[in-house]
Amino acid sequence: QVQLLESGGGFVQAGTSLRLSCAASGRSTSRVYATGWFRQTPGKERELVANIPWTYTNIIYGDSLKGRVTISRDATKNTVYLQMNNLTPEDTAVYYCAAAMTDYGGHWKEAWEYEYWGRGTQVTVFS
């Protein structure tokens, strides 16, 4: 069992920054392979923002936010961070944290590769 709690979302002006946090807990936390950040807008599929393995560093960024986002992990806190800069209204979405418990090839780009999901945190960017 892995429990994920996202935080840090909010209502922000375009051009500003946000730092999202994902705190992992539960008895299976030590078995997590990777943590991913996804986002979803109504009418669109859930898309990868970034992911970071827990056993080695091989960070993958999605296309939409690449160059404006940095994912990092604090192992002492079992927390993964997503720093987003220069936000635009197109970044408005619910942002989800997810934990992958299975290795399907070492990439974890797809939502189906993650077994546990947080409830999400809303990010709204206004002009």
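Atoms considered below: every heavy atom in the structure, side chains included; atoms not considered: hydrogens, waters and symmetry mates.
Distance alone, capped at 3.5 Å, is enough to place a donor-acceptor pair between the Thr29 side chain and the Ser25 backbone. Here the side chain of Thr92 pairs a donor or acceptor atom with the backbone of Val125 at under 3.5 angstrom. No donor-acceptor distance shorter than 3.5 angstrom exists from the side chain of Trp54 to the backbone of Ala75, with no hydrogens or angles considered. Although no hydrogens or angles enter the test, the distance criterion places no donor-acceptor pair under 3.5 Å between the side chain of Tyr116 and the main chain of Cys97. Proximity of a side-chain donor or acceptor of Glu6 to a complementary backbone N or O of Cys22 within less than 3.5 Å is not detected. Proximity of a side-chain donor or acceptor of Arg19 to a complementary backbone N or O of Gln83 within less than 3.5 Å is not detected.
With sequence neighbours left out, Lys77 forms a side-chain contact (heavy atoms from CB on, under 4.5 Å) with Asp74, Thr79, Tyr81.
Between the side chains of Gln122 and Thr124, at least one donor-acceptor pair of N or O atoms lies under 3.5 Å. Using modelled atom types and a 3.5 Å distance limit, the side chains of Thr102 and Glu113 yield no donor-acceptor pair.
Of all heavy-atom pairs spanning Asn51 and His107, the tightest one is ND2-O, 3.0 Å.
Here the side chains of Leu87 and Val12 are in contact, with some heavy-atom distance below 4.5 Å.
Using cut-offs of 30° and 60° on the angle between ring planes, the pair Phe126 and Phe11 is parallel. Ring planes of Phe38 and Tyr114: perpendicular class, angle over 60° (limits at 30 and 60°).
Listed by first then second residue, pairs satisfying salt bridge (charged side-chain N to carboxylate O under 4.0 Å, His left out) with a partner in residues 31-48 read Arg39-Glu47, Arg39-Asp91, not counting sequence neighbours.
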